[in-house]
Novice: 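Got a structure for you, written out below as structure tokens; questions coming shortly.
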Amino acid sequence: MGTNKESILMNVNLKVKRFDPGDSDRENWWQEYNIDIHEDSTVLDALIYVREYEDTSLALRCACRASICGSCGMKINGSAKLVCKTRIVAVAPNGEQIIVEPMGNHPVVKDLVVSLDTFFNQIKRVKPYLQTDHVPESGEYIASNESMENLLTAMNCIMCGCCVSDCTVLEVDDNFIGPAALAKAWRFIDDPRDSKKEDRLKDLNDEDGGVWDCTRCMQCVEVCPKGVAPMDKIMELRDQAIEIGLNNTNGARHAEAFYESVGHSGSLDELRLPIKTFGIFNIKELIKLIPIGIKSQLVGKRPPIFHKNIPGVENIRKIFERYRK
Amino acid sequence: MKYAFYPGCVSRGACPELYVATVEVCKILGIDLDHEAMKGASCTGSGVLQEKNQKLGDTLNARNFALAERSNLPLMTICSTCQGVMSQARKRMLDNPKYLAEINAELTEEGLEYKGLAEPRHLLWIILEDYGIDAFKSKLVKPLKGLKLAPFYGCYMVRPSDALGFQNNLEREDSLERIIEAVDAEVIDFRGKTLCCGFPILTINEKNSMKMVANHTSDAKNLGADAMVTPCPLCHLNLDGFQSKAGKSIGSQINLPIIHLPQLLGLALGISPEKLRLNKHIVSTKVLLSELSLKP
């Protein structure tokens, strides 16, 4: 706090989503708090102030207050953030009301405290530890500096659960392994000391809720307070799965068909893409395309039957050819 | 005002109504679309190509940018996905001069170079940032008073916000709401407006994709929306084309028309629904248009 306390206070209006498992009369409710607090405060400072001086019944979790421990993930105005890292002026520059909710896709214990059981069950699914098949003669595993630097982004994860909170897939399917766990899987797959790379990729490729279920919506990239960019790791896992020959999935065929279409014609052949994605002999899935095909035809929205190459397509083909090498 | 027009694959494929509506709207607004500048441009890779080879995807985008630079015209897109993929590619290249040089080396054979000047921008932003909301309003012929519209951005139009330049262009955050208000309609704000429509997993996990369509369209409908408006043709394909299937999965008929951004602009500018191809949707726009006293 500064020396001239009076002149640097600001008014903060918080609207907090409350939940009390012991209160059988109501499922959850909103409560507003109006406080005056130092203008440099974080949202966490404001919540602690409320708990200390306004309402001792408000439950919240925090520890380090320095975005290291990952305890204070919450939704601020609809997106997950570490509240210790979020300054009030950044989310309410003109004194707007700040909406605080517990993180999404996690069971709520009380008020702003969520259970991380689901989160850690996802992490456990990817076997988050080194698996090696031999002990070097020297007795220790030496990894190059470069290979460890490569892992830094993923190792920055503090397991706060923000990415899981805002994942659009987990919202509709709680079986998805989720962004944090998949980034963790990438961290071991790319570790030169691990010997289970192929097994891991196979599991993530085959499993229901694996790498191909990500929608690429980038919520996890946007909300991660540590720059882990889980979705980028998921994309790398997809690429690596295809690289080792795991190409018998709709996702792999879709990526391949897309690549072929652009590499051949310069643009996307929308008519053939779904057919190639399901596989030309996958009659069951192809039949399912018929209703939308008929509807599109009826309203005049069917993509052209004869897909045209872009002018100068040979330049695109040359670029693809060079990258293929 | 003249732009190097990059329509993207979908507006020339499964959403031809988007292309036609854009051309009609730009004609009325006096926005000159140069169709030649980007004639040899390729697909952006849509994020899918990047799954296989990001550098290849970035090279295609650098090549497209170089074509725009050669025309000396600012670049216009009409697809959220193109916008996002191009913006991400641009950021990677501008953040890393060595990477940009490597990519430019791939373009020398064709005599092209991306100098870092071309910047992709969606029609939505161009209306707000170049044309100006007041200038646009001055052209309104048919204010859409009483119409309740839910915005639906498409992921690539809002994330990652740094690549999309949100920090220097704050109005981009609620650009669609600003447009809805400019045409005198009412914004139906709902949580799903910046979430995923489910299109990217349509052929991979249809069940999840349909849940997303059902959630967003029924939420907007339950909040009183007459229609949803989107700057993303891929969101349109899923939310319009698969809405009845998604509705069946939750045992209800949703019937929420999904309107492309230029179609909304066009209606307010007094362009006829036929010209805007509002009859080319899977979810019928008839009720919507009759509410506006316009024939479908």
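So that the names make sense, note that chain A is the first sequence line, chain B the second, and so on, each numbered from 1.
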Novice: Between B:Leu56 and chain A, with a heavy-atom cut-off of 4.5 Å, which part of the residue counts as in contact: side chain, backbone, both or neither?
Specialist: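 For B:Leu56, the contact with chain A is made by backbone and side chain together.
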Novice: Can you give me the closest heavy-atom contact between B:Ala41 and A:Ile310, atom names plus distance?
Specialist: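 Of all heavy-atom pairs spanning B:Ala41 and A:Ile310, the closest is O-CD1, 3.5 Å.
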Novice: Check each atom of B:Tyr156 against the heavy atoms of chain A and say whether the ones under 4.5 Å are side chain, backbone, both or neither.
Specialist: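 For B:Tyr156, the contact with chain A is made by backbone and side chain together.
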Novice: Would you mind checking if B:Arg159 and A:Glu222 are paired as a salt bridge, meaning a charged N to carboxylate O distance below 4.0 Å?
Specialist: no
Novice: Quick one: what part of B:Pro16 sits under 4.5 Å from any heavy atom of chain A, side chain, backbone, both or neither?
Specialist: side chain
Novice: Counting heavy-atom pairs under 4.5 Å to chain B, which of A:Val221, A:Leu268, A:Asn315 comes out on top?
Specialist: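 Option with the greatest count: A:Asn315.
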Novice: Would the number of heavy atoms belonging to other residues, nucleotides or ligands and lying under 6.0 Å from CD of B:Gln167 be above 12?
Specialist: yes
Novice: So which heavy atom on B:Met212 is nearest to which on A:Val169, and how close?
Specialist: CE-CA, 3.9 Å
Novice: The criterion is side-chain hydrogen bond (donor to acceptor under 3.5 Å, both in side chains); which residues satisfy it with B:Glu173, sequence neighbours excluded?
Specialist: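 Partners of B:Glu173 under the side-chain hydrogen bond (donor to acceptor under 3.5 Å, both in side chains) test: none.
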Novice: Measure B:Leu237 against the heavy atoms of chain A and call it side chain, backbone, both or neither at under 4.5 Å.
Specialist: side chain
Novice: May I ask you to say whether A:Lys318 pairs ionically with B:Glu106, meaning some side-chain N is under 4.0 Å from a carboxylate O?
Specialist: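 So A:Lys318 does not pair with B:Glu106 through a salt bridge.
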Novice: Examine whether an atom of B:Ser46 lies under 4.5 Å from a heavy atom of chain A, and if so say whether it belongs to the side chain, the backbone or both; otherwise answer neither.
Specialist: both
Novice: Give me the atom names and distance for the closest heavy-atom approach of B:Glu51 to A:Asp239.
Specialist: O-CB, 3.1 Å
Novice: Count the heavy-atom pairs under 4.5 Å between each of A:Glu236, A:Glu171, A:Met218 and chain B, then report the option with the highest count.
Specialist: A:Met218
Novice: Report which part of B:Lys55 has an atom under 4.5 Å of a heavy atom belonging to chain A: side chain, backbone, both, or neither.
Specialist: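 For B:Lys55, the contact with chain A is made by backbone and side chain together.
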Novice: With respect to chain B, which residue among A:Ser261, A:Ser267, A:Gly312, A:Ala229 yields the maximal number of heavy-atom pairs within a distance under 4.5 Å?
Specialist: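 Maximum pair count with chain B is reached by A:Ser267.
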Novice: Could you look at B:Gln50 and say if it's the side chain, the backbone, both or neither that has a heavy atom under 4.5 Å from chain A?
Specialist: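 Neither; nothing under 4.5 Å.
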Novice: Considering only heavy atoms, which portion of B:Gln54 lies under 4.5 Å from any heavy atom of chain A: side chain, backbone, both, or neither?
Specialist: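 Neither part.
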Novice: Would you mind checking which part of A:Val262 comes under 4.5 Å of any heavy atom in chain B, side chain (CB onward), backbone (N, CA, C, O), both or neither?
Specialist: side chain
Novice: I'd like to check B:Lys207 versus A:Asp173 (side-chain heavy atoms, cut-off strictly below 4.5 Å). Are they in contact?
Specialist: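 The answer is no; the side chains never approach within 4.5 Å.
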Novice: Could you list which of residues 208-217 of chain A have a heavy atom closer than 4.5 Å to any heavy atom of chain B, in residue-number order?
Specialist: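 Residues of residues 208-217 of chain A touching chain B at under 4.5 Å: A:Trp212, A:Asp213, A:Cys214, A:Thr215, A:Arg216, A:Cys217.
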Novice: Relative to chain A, which segment of B:Leu60 carries a heavy atom at a distance below 4.5 Å: side chain, backbone, both, or neither?
Specialist: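 B:Leu60 touches chain A through side-chain heavy atoms alone.
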Novice: Which atoms of B:Arg277 are under 4.5 Å from chain A, going by heavy atoms: the side chain, the backbone, both sets, or neither?
Specialist: neither
Novice: Any chance you could measure A:His254, atom NE2, to B:Ile201, atom CD1, to the nearest 0.5 Å?
Specialist: 11.5 Å
Novice: When rounded to the nearest 0.5 angstrom, what is the spacing between CG in A:Asn175 and CG in B:Asn208?
Specialist: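 One gets 9.0 Å once the value is rounded to the nearest 0.5 Å.
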Novice: Show the nearest heavy-atom pair for residues B:His281 and A:Val299, with the distance to one decimal.
Specialist: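 Heavy-atom minimum between the residues: O-CG1, 3.3 Å.
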Novice: Closest approach of A:Gly251 and B:Ile204, non-hydrogen atoms and distance?
Specialist: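 In this case the closest contact between A:Gly251 and B:Ile204 is CA-CD1, 3.7 Å.
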Novice: Testing the basics here: between B:Gly45 and A:Phe258, what is the closest heavy-atom pair and its distance to 0.1 Å?
Specialist: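 Closest approach of B:Gly45 to A:Phe258: O-CE2, 3.4 Å.
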Novice: At a 4.5 Å cut-off on heavy atoms, which part of A:Val313 comes close to chain B: side chain, backbone, both, or neither?
Specialist: neither
